[in-house]
Amino acid sequence: MPGSFHQVACPDCDNEQIVFGKASSIVTCAVCGHTLATPTGGEAVIEGDVVDTVEAR
Ligand SMILES: [Zn+2]
């Protein structure tokens, strides 16, 4: 599994941005700073609505 990318909609401001599924650092919303992904050592925990997922290959 090479991992995948998720398009995540921020629950606070509806900004959408791309988050790597195995992000190794906290990903925050570029607009309001809401935490969108928290690293776990494996697949990151996504906070917010996943609008779309793109498999990396
Ligand atoms: Zn936001």
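Numbering of ligands and ligand atoms starts at 1, following listing order.
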Check your understanding: Can you check whether H34 reaches P11 side chain to side chain, under 4.5 Å on heavy atoms?
Key -> yes
Check your understanding: With side chains defined as the heavy atoms from C-beta onward, is the minimum distance between V54 and S4 less than 4.5 Å?
Key -> no
Revision key, fill the gap. Taken to the nearest 0.5 Å, the spacing of K22 NZ from F5 CZ works out to 11.0 Å
Check your understanding: Rounded to the nearest 0.5 Å, how far does OG1 of T35 lie from CG of D12?
Key -> 10.0 Å
Point to revise | Interatomic distance, Q17 atom CD to T28 atom OG1 [nearest 0.5 angstrom] | key: 7.0 Å
Point to revise | Near the Zn ion (ligand 1) (cut-off under 2.8 Å), count of protein N, O or S atoms | key: 4
Using atom types as modelled, flag every donor-acceptor pair under 3.5 Å from a side chain in residues 46-53 to any protein atom, sequence neighbours excluded.
from	atom 1	to	atom 2	distance (Å)
E47	OE2	T38	OG1	3.3
T53	OG1	H6	ND1	3.1

